[in-house]
Amino acid sequence: MAIDPSKFHALNVTDTCAVWNILSSARLRSAAKDARCDFCITFFVHYECLVKPRTSPTDADRELRRRLQAEQRSGGFQAHSCGIGDLQDVRVLAERKRLGMGEISSIAFAMKIGHAVLTDDQKARKLATDAGHLLVQTTPHLFSWLIFTRRLGDSDVPLVVDQHQALGGDLAPHLNRAYDLALQCLLNARPAAIAPVASPAGPSPPAN
């Protein structure tokens, strides 16, 4: 999907993978907080993240779960209910794409409350669009917007990518492309911002 680094909806219903991708980088999460971005989840996502049993949990999984629990204690990533009625609008389409309840409930709840759904799953993004929801965003989109608005600087880019990869994240190529898009968007915006104001036409000064 196309990313416009100059625009980002601050209120997001976030699915499971996107929760982990946002929390994988402490620098990214800090910049998003400074930008007053708000992320909530459904109870289905809460279950997938914190309750669903793990057969062989990794150190990265344990750290991400710890971060999410800390976020929730401070008021972030709050869980909300999503009833059967809310799911009906997307259930038929979802059956065609074989998505989990985390993605389905996130799309349905975002449609219900009129906020963006933030998902890094390609099928989920397609489902949301097919269901008529226009506010569909991704973690790389968030990243590019934070760069465009200068809440993240050039030196933050490798830090965010390294932190993300250290906890098992696989978005590095997408984050790097998002960085390039943000730079191009900044370059395109700059001439308009610094273009000299033309002097009004008037009579030529008399020759000496």
Side-chain angles (χ1 to χ4, degrees), residues 1-42 45-46 49-50 59-80 102 106 110 113 115-122 124-125 128 135-190 193:
M1 66 182 283
I3 291 176
D4 181 353
S6 69
K7 298 177 182 178
F8 187 81
H9 192 77
L11 304 177
N12 294 267
V13 182
T14 314
D15 72 6
T16 304
C17 288
V19 170
W20 297 148
N21 287 332
I22 292 168
L23 295 182
S24 66
S25 168
R27 183 68 191 95
L28 177 65
R29 179 64 184 121
S30 174
K33 283 183 178 179
D34 290 343
R36 297 188 178 181
C37 293
D38 184 68
F39 307 101
C40 69
I41 59 177
T42 67
V45 172
H46 176 86
C49 289
L50 297 177
D59 289 341
D61 179 69
R62 283 188 283 265
E63 174 60 19
L64 288 169
R65 292 169 72 185
R66 185 196 66 77
R67 292 185 185 187
L68 177 56
Q69 289 168 335
E71 286 280 344
Q72 291 185 329
R73 285 194 296 270
S74 63
F77 291 91
Q78 291 300 296
H80 300 272
S106 298
I113 64 177
H115 291 340
V117 59
L118 198 152
T119 176
D120 295 315
D121 185 283
Q122 186 174 359
R125 296 197 299 271
L135 292 173
V136 184
Q137 303 184 141
T138 65
T139 303
H141 186 178
L142 167 65
F143 182 57
S144 69
W145 177 73
L146 291 171
I147 293 166
F148 179 82
T149 56
R150 309 314 290 169
R151 292 179 174 90
L152 287 174
D154 294 341
S155 62
D156 290 313
V157 174
L159 175 61
V160 170
V161 172
D162 288 347
Q163 289 178 339
H164 173 70
Q165 290 182 308
L167 289 180
D170 59 1
L171 290 182
H174 304 287
L175 294 174
N176 287 322
R177 280 197 292 272
Y179 171 60
D180 291 340
L181 283 171
L183 292 185
Q184 185 61 54
C185 196
L186 282 167
L187 184 63
N188 292 341
R190 188 171 299 165

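Excluded from the calculations below are hydrogen atoms, water molecules and symmetry mates; all remaining heavy atoms, backbone and side chain alike, are included.
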So which atom in [X] and which in [Y] form the shortest heavy-atom distance, rounded to 0.1 Å?
X    : Y    : result
C185 : D4   : SG-OD1, 4.4 Å
S144 : A182 : O-CB, 3.4 Å
R65  : L50  : NH2-O, 3.3 Å
R29  : F77  : NE-CE1, 3.7 Å
A79  : H46  : CB-CB, 4.1 Å
V136 : A128 : CG2-CB, 3.7 Å

Any chance you could measure [X], atom [atom1], to [Y], atom [atom2], to the nearest 0.5 Å?
X    : Y    : atom1 : atom2 : answer
H80  : S106 : NE2   : OG    : 11.5 Å
D156 : R150 : CG    : CZ    : 9.5 Å
L181 : L186 : CG    : CG    : 11.0 Å
L159 : D154 : CG    : CG    : 13.0 Å
F8   : L118 : CZ    : CG    : 5.0 Å
L23  : L167 : CG    : CG    : 9.5 Å

Can you tell me if CZ on R36 sees more than 12 non-hydrogen neighbours from other groups inside 6.0 Å? no

How about Q69: does its CD atom have over 12 heavy atoms from other parts shown lying under 6.0 Å from it? yes

[X] (side chain) donor-acceptor with [Y] (main chain) under 3.5 angstrom:
X    : Y    : answer
E71  : G76  : no
N12  : A10  : yes
Q165 : D170 : no

When you compare the side chain of [Y] with that of [X], does any pair of heavy atoms fall below 4.5 Å?
X    : Y    : answer
H164 : L28  : no
L142 : L146 : yes
W145 : I3   : no
L171 : P140 : yes

My understanding is that only one of D120, T119, D121, V45 makes a side-chain contact (heavy atoms from CB on, under 4.5 Å) with T16; could you say which?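 When D120, T119, D121, V45 are each tested with T16, the side-chain contact (heavy atoms from CB on, under 4.5 Å) holds only for V45.
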
Show me the pairs that pass salt bridge (charged side-chain N to carboxylate O under 4.0 Å, His left out) and involve residues 177-189, at least two apart or across chains.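 Listed by first then second residue: nothing to list.
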
Cation-pi between R67 and W20: NZ/CZ under 6.0 Å from ring centre and within 45° of the ring axis?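 No cation-pi geometry.
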
Would you say the side-chain atoms of R27 and S25 include a donor-acceptor pair closer than 3.5 Å?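 No pair is found: no donor N or O on one side chain lies under 3.5 Å from an acceptor on the other.
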
Run T138 and F143 through side chain to side chain contact (heavy atoms under 4.5 Å, CB included) and show every step you take. CA-CA 9 Å; T138 65; F143 182 57; over 6 Å; no

